Amino acid sequence: MFIFGLAVVVKLLTIQYVNGDKYRELAESRVIEDRPIPANRGNVYSVNGNLLATSIPKYDIRIDTKTPKKKVWQEQIGPLCDSLSSYSGKPSSYYRENLRKAKAKQNRYYLLARDVGYSDYLRLREFPLLNLGAYKGGLIVEQTTKREHPMGGIAQRTIGYERTDENGDVTRPGLDGAFGEKYLKGIDGHRLKQKIGKGQWKPIRDNNEVEPQDGYDIYTTINTNIQDIAHHSLLEQLEKYDADHGCVVVMEVKTGEIRAISNLGKSKSGKYYEKRNYAVWESHEPGSTFKLMAVMAALEDKVIDTSSIVDTKKGYKTFYGRGITDTRGYGKISVGEAFEKSSNIGLATIIDDGYAKNPNKFINRLKKWRLHENLDLPIIGEGDPVIPAPGDKIWSRNALPSMAYGYNMQLTPLQTLTFYNAVANNGEMLKPRFLRQVRELDREIESFEKEVRVKKIASDETIKKAQKLLENVVEFGTGKGMYSKYFSMAGKTGTARTDYRNFEAWKKDRKYVSSFAGYFPVENPKYSCIVVIHKPSIKVGFYGADVTGPVFKRIAQKIFTDTPIIDEIESLEVKNVEVDKEYQNFYNTSNTYLTIMPSVVGLPIMDAVALCENLGLKVKMNGNGVVKSQSIVKGQKVKRNQTIVLELS
């Protein structure tokens, strides 16, 4: 016994003095931890100050069924179930049964409500039993912060988020992801906490405590009004044509700021939602929208002029053993007409004749416009453009004529729009911009100005000709169905085959990409816009003018009417020649025919009635509109109170 006691004393002395520091540190590490204090993530705002993304607290309410004493449990469980029933709408018996089972199993972490807001959290903690707190009632509250998008699903992929999975991998799509680390995230603080049992930790006063620094707020270039217009205009057309997916981008011409960007894809249930950021990510063959680049290269290199004649044959022509077709034959037409009618043969002939002996000249022109480079956007996942050159694997003798009308190469919708915006901007190519300002409350941290990619893409002569070609497409060409006398638009339609590598399979199940790119108004371009819709149902339609053109027109029209572009009126004294002419005719007639019946056929009903009543006639009318016939013929002498019958169309 003496030896055993001596061994215990030796062991105690060893623990106390030899290994004392080690065990004290180990004990302290199990009950005291330096825990992080999460910083509040900054908000994301639209250009007009609307909230696009914000972090709000969410709460999970649980109960430790072992904690409450038996008497307290029996007294309070009934009222608790009734209160939970009134909150959720589920029957009280549902909660009684499940809580009874949880109590029997001594469940110490039973979930009562998940992801509730602050007001509901305050309400739940006042329920019977839960109002006794953690030590008497078993209440367990877990707080998390969740990112909310007040606009719902609109622009959700562009606004973005930051998400970490169970493996620690972080996903950062959209603006929230792009600017999260630099601006939004903030800096976490830390403080010591001591474990007090039952998974509870309490703060310990510590001189090394560091308070968190909240993230900055970012103000994007998105305009919520234009975004709403773009989203619903695209959605309506996708549903009409039962398309697979599509996107819309609206850019401000002078600044490159993105005012709206909508990306909608179809779910398995047939509903459309922000599936992927197609405008930024999806690199595809653009089809006829690329004809603008092709014809401008030829104009700038003096290969052709808009008045040059090109032979489009009868709608079919062979290039190096491969046939190219048009929707119909146009014969010999000008380059301008070939562009307006979107002739594949016309553009292929122009580019092949002009550059076949030196294809690098054409490719280098495209590279001067930086079409072979991506836009270096802050949003992660931009698709790379594909501009082949001699020596590349995909290069062949057919490459040039194919590229002339948008095949054998790839661009994203935003890359295509960037070029069209440069044409609208008289040649200055700007980098698309999503961020305008970074702020901390009322203090500006950083602001962003326009960034020029290419100072001048072409001569003024070429730019003016290109602008006129785009205007003519809408007024006379493939986009003439979009023409409106109330506001002017310019642009180019595009219809491209897709998934056609197996041509025999494609012929059985034809798939197309429909697009329209352009700007408005023509006189002083304010906005450029591109609409791309993939795989519309060919039973309904697939041409760009039919599928995407109406979306562009709807967006332009609504922006034009809802967001006035002209803010000032130079003069209220505006002369209208037609109105003045009509008034003068009315005045002359009323003073010439005092007792003799004039002809009122073709006059608006208001003018006709005024003339007849000035003669003392009583007027009866049949129909609406302008006068088609009159019961008293021209030249007949009339009497006062005589009745005349006017037939209207």
Side-chain angles (χ1 to χ4, degrees), residues 27-41 54-148 161 163-166 186 188-206 209-212 214:
E28 190 172 285
S29 68
R30 290 182 177 178
V31 296
I32 296 177
E33 286 187 5
D34 191 3
R35 292 203 156 195
I37 308 172
N40 291 320
R41 195 175 183 86
T54 187
S55 297
I56 61 173
K58 291 288 186 178
Y59 302 87
D60 288 350
I61 309 299
R62 299 176 182 271
I63 187 170
D64 178 355
T65 61
K66 187 178 179 181
T67 295
K69 294 182 178 179
K70 184 177 181 181
K71 183 179 179 181
V72 173
W73 178 271
Q74 290 174 344
E75 290 176 351
Q76 299 288 332
I77 192 62
L80 172 62
C81 292
D82 293 340
S83 297
L84 289 170
S85 176
S86 66
Y87 170 77
S88 69
K90 294 179 180 179
S92 180
S93 58
Y94 167 83
Y95 290 104
R96 287 177 183 273
E97 179 64 20
N98 283 281
L99 284 169
R100 184 187 63 80
K101 291 178 180 178
K103 181 71 171 175
K105 295 178 181 179
Q106 293 192 335
N107 189 328
R108 308 198 68 173
Y109 203 61
Y110 182 76
L111 180 67
L112 295 176
R114 185 187 297 279
D115 281 348
V116 300
Y118 184 70
S119 59
D120 284 339
Y121 154 68
L122 294 178
R123 178 184 172 188
L124 283 161
R125 66 179 296 167
E126 294 302 318
F127 284 179
L129 192 61
L130 301 181
N131 59 5
L132 299 178
Y135 302 113
K136 293 183 178 180
L139 173 65
I140 300 172
V141 178
E142 293 181 328
Q143 179 182 339
T144 56
T145 301
K146 294 206 171 183
R147 206 67 168 160
E148 292 287 332
Y161 54 84
R163 193 172 292 162
T164 306
D165 63 18
E166 61 275 5
D188 289 346
H190 63 85
R191 67 160 62 102
L192 290 177
K193 286 189 175 183
Q194 182 180 19
K195 192 172 185 179
I196 57 175
K198 298 183 180 180
Q200 304 268 335
W201 295 78
K202 74 172 184 179
I204 300 175
R205 299 293 296 177
D206 180 49
E209 181 177 314
V210 176
E211 290 295 323
D214 292 343

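No experiment lies behind these values; they were computed from the predicted model shown.
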Name all residues meeting the side chain to side chain donor-acceptor pair (under 3.5 Å) criterion together with [X]; count only those two or more places apart in sequence or in a different chain, and write none if there are none.
X     : answer
Thr54 : Asn43
Ser92 : Asp82
Ser55 : Arg147
Tyr59 : none

Next on the checklist: Please check this pair: side chain of Asp188 against backbone of Ala39, looking for a donor-acceptor N/O pair closer than 3.5 Å.
Outcome noted: yes
Main-chain N/O of Gln106 paired to Lys66 side chain as donor or acceptor, under 3.5 Å: no
Fill in: Close side-chain approach of Leu139 to Ile63, heavy-atom, < 4.5 Å
no
If you look only at distance, which donor and acceptor atoms sit under 3.5 Å apart when one is on a side chain in residues 68-76 and the other is two or more places apart or in another chain?
unit_1 : atom_1 : unit_2 : atom_2 : d
Gln76  : OE1    : Leu129 : N      : 3.4

Quick check for you: to the nearest 0.5 Å, what is the distance between [X] atom [atom1] and [Y] atom [atom2]?
X      : Y      : atom1 : atom2 : answer
Ile56  : Asn40  : CD1   : CG    : 12.5 Å
Tyr110 : Lys105 : OH    : NZ    : 10.5 Å
Leu132 : Leu80  : CG    : CG    : 10.0 Å

Show me the side-chain donor-acceptor pairs of residues 95-102 shorter than 3.5 Å, one per line, residues at least two apart or across chains.
unit_1 : atom_1 : unit_2 : atom_2 : d
Tyr95  : OH     : Ser88  : OG     : 2.7
Glu97  : OE2    : Arg100 : NH2    : 2.9
Asn98  : ND2    : Tyr94  : O      : 2.7

For residues 113-124, tabulate all N or O donor-acceptor pairs below 3.5 Å that involve a side-chain atom, not counting sequence neighbours.
unit_1 : atom_1 : unit_2 : atom_2 : d
Asp115 : OD1    : Lys146 : NZ     : 2.9
Asp115 : OD2    : Lys146 : NZ     : 2.5
Tyr121 : OH     : Arg125 : NH1    : 2.4

By side-chain contact (heavy atoms from CB on, under 4.5 Å), Pro79 pairs with (sequence neighbours left out) Pro128
Quick note, salt bridge (Lys or Arg N to Asp or Glu O under 4.0 Å) partners involving residues 133-143, not counting sequence neighbours, are Arg62-Glu142
